[in-house]
Amino acid sequence: MNCKSNGRNKPNIVKISLINNCDECGNEYETSSKSQRFCSYKCKTKNRNKLNELQRRKYYIEGDNTISLSKLIDKENNLCYICGAECNSNDLVTDDKGTVICGNEYPSIEHVIPLSKGGKHEWNNVKLAHRVCNIKKSNNYQKNFC
């Protein structure tokens, strides 16, 4: 049976309601899509962030686990590989919730060949860099960003 509305024929549409379990939190939710995996945007984002973090950690698991910031500071004489200035290990504050917030001159581990471009987390591929210099360099090969 067809319904007439504004002179156009419209077929009767029946929406199917399915009960799924969220892949992230496990809660049941109602949906009309078989492919929907999450109960909310929040769960979808949380799951995507978790997968991204696991992907990022994969690079470190495959690399040298003896690399640390303190060892790198000693090896590189506390000098930024990118701009050549001295790093400041005291450029940080701790807020009232215990969160450590690093400043721009705080040292960080810089990968000469970025992990995302096939570089390894090994001693011959890591250098010391200011946090801000490392952020500006991003995943590029060049070192003159500061």
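Predicted model, so just to flag it, every value in this text is computed and none were measured.
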To the nearest 0.5 Å, what is the distance between [atom1] ([X]) and [atom2] ([Y])?
X: Ser70; Y: Lys75; atom1: OG; atom2: NZ; result: 13.5 Å
X: Asn47; Y: Lys42; atom1: CG; atom2: NZ; result: 14.0 Å
X: Lys136; Y: Ile82; atom1: NZ; atom2: CD1; result: 10.0 Å

If you take all heavy atoms of [X] and [Y], which pair is closest and at what distance?
X: Ser89; Y: Asn78; value: OG-OD1, 4.5 Å
X: Ala129; Y: Cys80; value: CA-SG, 3.6 Å
X: Asn20; Y: Lys34; value: ND2-O, 4.3 Å
X: Ile109; Y: His121; value: CG2-CE1, 4.5 Å
X: Val112; Y: Tyr81; value: CG1-OH, 3.7 Å
X: Lys120; Y: Leu115; value: C-CD2, 3.9 Å

Polar contact flag, side-chain donor to acceptor under 3.5 angstrom, [X]-[Y]:
X: Ser33; Y: Ser35; answer: yes
X: Asp64; Y: Thr66; answer: yes
X: Ser108; Y: Asn134; answer: yes

Are the side chain of Thr45 and the backbone of Tyr41 linked by a donor-acceptor contact shorter than 3.5 Å?
->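 Confirmed, Thr45 side chain pairs with Tyr41 backbone.
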Kindly indicate whether the side chain of [X], heavy atoms from C-beta on, has any atom under 4.5 Å from the side chain of [Y].
X: Glu110; Y: Cys133; result: no
X: Trp123; Y: Lys71; result: yes
X: Lys46; Y: Phe38; result: no

Picking from Leu79, Asn88, Ile73, what satisfies side-chain contact (heavy atoms from CB on, under 4.5 Å) with Pro107?
->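 For Pro107, the side-chain contact (heavy atoms from CB on, under 4.5 Å) test succeeds with only one of Leu79, Asn88, Ile73, which is Ile73.
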Between Lys50 and Glu24, is there a salt bridge with N-O shorter than 4.0 Å?
->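 The answer is yes: the pair qualifies as a salt bridge.
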